[in-house]
Participant: 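Can you read through this structure? Questions will come right after.
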Amino acid sequence: MEKKIAVIRGDGIGPEIVGEALRVLDAVASLYGHTFIYEDVDMGGIAIDKWGDPLPEAMLQKCLGADSVLLGAVGGEKWNSVPGEKRPEKGLLRLRAGMGVYSNNRPARIWPQLASASPLRASIVEKGIDFIIVRELIGGIYFGEHKTETAGEEACAVDVLRYTESEIERIGRIGFETARKRRGQLCSVEKSNVLDSSRLWKKVLHRLAPEYPDVTLTDMLVDNCAMQIVKNPAQFDVIVTENMFGDILSDEASMITGSIGMIPSSSLGKGSRGLYEPIHGSAPDIAGTDTANPIGTILSAAMMLRYSFDLPAEADCIENAVSAVLDEGWRTTDIMPGGDEASRCKKAGCSQMGGLIAGHLKKG
Ligand code: NAD
């Protein structure tokens with residue numbers, strides 16, 4: 001298989017962590033006989049410095065011409081005083097809009113080797129945490145009408161929550177497709193006891209269900225879901241939900257897994273092309289020190305293979321290599337335990353961690 005990948009290294013630790021992800025992708029490519037062609041794209045602070053724009057049109061076009069996009073992170077102190085439209089983060093928003101990615105997928109997975117980093121009780125963590133939240137990204141209340149009116153002495157604020165059937169259907173399908181590539185369990189999360197938009201959500205999800213006989217669809221109210229994520233996270237495989245509920249639940253889910261440096265994400269739209277990035281930022285405080293954890297970016301590359309290129313065995317291989325390196329006790333600073341556990345672990349820098357994971361793949 002030959003695939004073109006647009007590579008956005010970005011700012012801060014971005015170039016370091018992306019470099020390690022490419023090393024791992026190269027190892028997978030040689031193991032399975034694939035060719036990955038990388039095309040560098042400037043976005044964020046580096047693009048402001050070079051081109052005076054966080055995402056020049058030519059750079060967006062490079063992304064649109066690729067089979068998928070791998071991103072490190074953008075932003076930093078240096079560009080904080082740049083006017084709003086020229087901020088590094090604007091490049092990211094323009095990229096998401098330009099690529100039409102309406103589905104943000106964020107896995108919540110606890111690695112057994114890092115179980116002690118979870119704030120949950122050991123008896124809950126032991127049952128396993130491995131689910132994905134599929135969040136609608138460009139609709140709902142964040143994109144509805146917002147206004148504040150003053151009638152008499154009192155102000156009144158209004159935010160409109162609107163969903164069309166087709167918006168729900170397209171994100172619902174991503175939920176079903178994601179579930180069928182995993183354990184086949186899809187939980188649709190809404191507030192249908194109160195909201196019309198949620199009742200429509202539920203109706204559309206159930207209309208789609210017969211098209212996916214290999215997936216079991218269940219419903220859950222969002223308040224119950226927030227509770228179940230901390231009470232019994234092992235019950236979830238894939239959660240599909242609207243924009244604001246997904247925003248809140250995905251932050252809750254990332255917290256229970258331990259470290260921000262471990263978590264990948266994907267954003268998908270129509271077709272197979274996706275945007276893959278770790279959930280953290282450019283971490284300027286540790287940039288250039290070779291201490292960043294590259295695993296979130298490496299796992300984002302694995303998601304790209306699984307969800308955009310339909311290469312599940314290759315994605316499994318990367319995840320298994322990460323697990324093997326953790327089993328051997330290797331830890332970047334952010335996941336280094338304290339106390340007695342520390343004596344069983346070995347500290348690795350960013351490039352060493354990438355090299356260890358790629359090394360496992362080379363061994364096959
Ligand atoms: P951050 O995620 O960059 O850092 C938060 C903390 O986590 C820092 O202490 C950092 O050192 C640590 N950290 C983050 N990633 C790590 C990793 N891979 N390994 C080890 N430690 C890691 O968040 P922030 O400090 O609020 O933001 C820094 C910059 O990143 C800002 O300019 C912000 O706008 C930008 N940002 C970009 C994105 C993106 O590109 N998608 C997302 C969030 C923030």
Side-chain angles (χ1 to χ4, degrees), residues 6-24 41-49 54-55 59 63 69-99 101 104-106 111 114 117 135 137 247 250-251 254-255 257-267 274-303 322 325-326 330-337 345 347-354 356-357:
V7 175
I8 306 176
R9 295 170 202 263
D11 310 312
I13 60 170
E16 299 166 54
I17 53 178
V18 169
E20 298 315 313
L22 298 188
R23 183 138 64 130
V24 169
V41 170
D42 294 330
M43 189 180 87
I46 185 177
I48 296 171
D49 289 351
L55 184 65
M59 297 293 160
C63 294
V69 181
L70 181 67
L71 163 67
V74 296
E77 183 71 38
K78 182 177 173 192
W79 303 281
N80 279 354
S81 53
V82 172
E85 269 310 299
K86 296 277 177 192
R87 292 285 298 265
E89 294 77 5
K90 272 283 169 198
L92 185 53
L93 295 182
R94 270 167 33 200
L95 178 66
R96 287 177 180 156
M99 290 180 69
V101 284
N104 180 243
N105 312 311
R106 209 191 253 198
W111 295 81
L114 306 179
R135 166 191 168 196
L137 201 57
D247 190 9
S250 64
D251 267 21
S254 71
M255 259 315 291
T257 64
S259 170
I260 195 174
M262 296 290 297
I263 306 175
S265 80
S266 70
S267 299
L275 170 62
Y276 295 85
E277 54 178 318
I279 67 159
H280 57 75
S282 59
D285 52 333
I286 56 167
T289 62
D290 192 34
T291 55
N293 184 348
I295 295 178
T297 318
I298 290 169
L299 294 174
S300 300
M303 285 186 89
V322 169
V325 169
L326 295 175
W330 292 103
R331 303 283 187 271
T332 43
T333 311
D334 59 312
I335 52 173
M336 194 72 186
C345 294
K347 204 177 230 182
C350 180
S351 65
Q352 189 181 9
M353 183 55 95
L356 286 162
I357 295 165

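Atoms within a ligand are numbered from 1 in the order they appear, just like the ligands themselves. None of the values given here were measured: they were computed from a predicted structure. Start at 1 with the first residue, then count along the sequence.
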Participant: Donor-acceptor check, side chain of Ser300 to backbone of Pro264, threshold 3.5 angstrom: yes or no?
Facilitator: no

Participant: Is a donor on one side and an acceptor on the other found under 3.5 Å between the side chain of Glu89 and the backbone of Val74?
Facilitator: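 No: the side chain of Glu89 does not pair with the backbone of Val74.
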
Participant: Rounded at 0.5 Å granularity, tell me how far CG in Leu326 sits from CD1 in Ile335.
Facilitator: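 Between atom CG of Leu326 and atom CD1 of Ile335 there are 5.5 Å.
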
Participant: Using a 4.0 Å heavy-atom cut-off, say whether Glu77 meets ligand 1 through its side chain, its backbone, both or neither.
Facilitator: neither

Participant: Counting only heavy atoms on the protein side, is anything nearer than 4.0 Å to atom 6 (C) of ligand 1?
Facilitator: no

Participant: Give yes or no for whether the N/O distance cutoff of 3.5 Å, strictly under, is met between Ala283 and ligand 1.
Facilitator: yes

Participant: Keeping the roles fixed (side chain from Asp290, backbone from Ser351), state whether a donor-acceptor pair exists under 3.5 Å.
Facilitator: yes

Participant: Are any side-chain N or O atoms of Thr297 and backbone N or O atoms of Pro278, one a donor and one an acceptor, separated by less than 3.5 Å?
Facilitator: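 Side chain of Thr297 to backbone of Pro278: no pair is present.
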
Participant: Count the heavy atoms belonging to other residues, nucleotides or ligands that lie under 6.0 Å from CE of Met255, then report whether that count exceeds 12.
Facilitator: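 No - once you tally the heavy atoms of other residues, nucleotides and ligands closer than 6.0 Å, there are 12 at most.
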
Participant: Need the ligand 1 atom indices (1-based, order shown) with element for anything under 4.0 Å from a heavy-atom of Ala292.
Facilitator: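 Listed by number with element, the hits are 19 (N).
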
Participant: Does the protein come close to atom 44 (C) of ligand 1 - that is, does one of its heavy atoms sit below 4.0 Å from that atom?
Facilitator: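 It does; a protein heavy atom is within 4.0 Å.
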
Participant: State the atoms of ligand 1, each with its element, that fall below the 4.0 Å cut-off from a heavy-atom position in Ala73.
Facilitator: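 This gives 40 (O) as the contact atoms.
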
Participant: I need the nearest protein heavy-atom contact for atom 34 (O) of ligand 1: residue, atom name and distance, please.
Facilitator: Glu89 OE2, 2.5 Å

Participant: Hey, could you give me the OG1/CD1 distance between Thr332 and Ile295, rounded to the nearest 0.5 Å?
Facilitator: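 Output value for this atom pair is 5.5 Å.
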
Participant: I'd like to know whether ligand 1 has Val74 as a neighbour, heavy-atom separation below 4.0 Å.
Facilitator: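 True for this residue.
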
Participant: On a heavy-atom basis, which atom in Ile46 and which in Trp79 lie closest, and how many Å separate them?
Facilitator: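 What the structure gives for the nearest pair is N-CZ2, 4.0 Å.
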
Participant: Look at atom 22 (C) of ligand 1 and say which protein heavy atom is nearest, naming residue and atom and giving the distance to 0.1 Å.
Facilitator: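 Going by distance alone, atom 22 (C) of ligand 1 is nearest to Ile286 CD1, 4.0 Å.
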
Participant: Would a 4.5 Å heavy-atom cut-off, applied to side chains only, mark Leu95 and Ile8 as touching?
Facilitator: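 In short, these two side chains touch, coming nearer than 4.5 Å.
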
Participant: List every atom of ligand 1 that sits less than 4.0 Å from any heavy atom of Glu277, numbering the atoms from 1 in the order shown and giving each element.
Facilitator: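 Here the atoms of ligand 1 in question are 41 (N).
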
Participant: Within the structure, does Gly76 bring an N/O atom to less than 3.5 angstrom of an N/O atom in ligand 1?
Facilitator: yes

Participant: I'd like to know if Lys78 pairs up with Asp11 as an ion pair, taking the criterion as any Lys NZ or Arg NE/NH1/NH2 lying under 4.0 Å from an Asp or Glu carboxylate oxygen.
Facilitator: no

Participant: Any idea which of Ile13, Ile8, Asp334 brings a heavy atom closest to atom 16 (C) of ligand 1?
Facilitator: Ile13

Participant: Can you confirm whether something in the protein, heavy atoms only, sits under 4.0 Å from atom 27 (O) of ligand 1?
Facilitator: no

Participant: Please report which non-hydrogen protein atom sits nearest to atom 8 (C) of ligand 1, along with the residue it belongs to and the distance in Å to one decimal place.
Facilitator: Asp285 OD2, 3.5 Å

Participant: At under 4.0 Å between heavy atoms, is it the side chain or the backbone of Asn293 that contacts ligand 1, or both, or neither?
Facilitator: both

Participant: Within less than 4.0 angstrom of ligand 1, does Gly296 place any heavy atom?
Facilitator: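 So Gly296 does not count as touching ligand 1.
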
Participant: If we set the cut-off at 4.0 Å for heavy atoms, which region of Asn80 has an atom near ligand 1: side chain, backbone, both, or neither?
Facilitator: neither

Participant: Considering only heavy atoms, does Thr332 approach ligand 1 within less than 4.0 Å through its side chain, its backbone, both, or neither?
Facilitator: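 No part of Thr332 is near ligand 1 at this cut-off.
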
Participant: Return a yes/no value: protein heavy atom under 4.0 Å from atom 36 (N) of ligand 1?
Facilitator: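 Within 4.0 Å: yes, protein heavy atom nearby.
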
Participant: When you measure from atom 30 (O) of ligand 1 to each heavy atom in Ser282, Ser259, Gly75, which option holds the nearest one?
Facilitator: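 Selected option, by shortest heavy-atom distance: Ser282.
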
Participant: Do protein heavy atoms approach atom 2 (O) of ligand 1 to less than 4.0 Å?
Facilitator: yes

Participant: Ligand 1 and Gly281, any nitrogen or oxygen pair closer than 3.5 angstrom?
Facilitator: yes

Participant: I need the nearest protein heavy-atom contact for atom 25 (O) of ligand 1: residue, atom name and distance, please.
Facilitator: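 Going atom by atom, the protein heavy atom closest to atom 25 (O) of ligand 1 ends up being Pro284 CD, 4.6 Å.
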
Participant: Find all atoms of ligand 1 within a distance of less than 4.0 Å from any non-hydrogen atom belonging to Leu92, and give their numbers and elements.
Facilitator: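 Close to Leu92: 39 (C), 41 (N).
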
Participant: Quick check: do Ile13 and His280 have side-chain heavy atoms less than 4.5 Å from each other?
Facilitator: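 In short, these two side chains touch, coming nearer than 4.5 Å.
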
Participant: Side-chain contact, heavy-atom cut-off 4.5 Å: Val69 with Met99?
Facilitator: yes

Participant: Roughly how far, to the nearest 0.5 Å, is CG of Asn105 from OH of Tyr276?
Facilitator: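 So the OH of Tyr276 and the CG of Asn105 are separated by 8.0 Å.
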
Participant: In terms of side-chain geometry, is the basic nitrogen of Arg106 or Asp251 positioned less than 4.0 Å from the acidic oxygen of its partner?
Facilitator: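 Yes, charged N to carboxylate O under 4.0 Å.
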
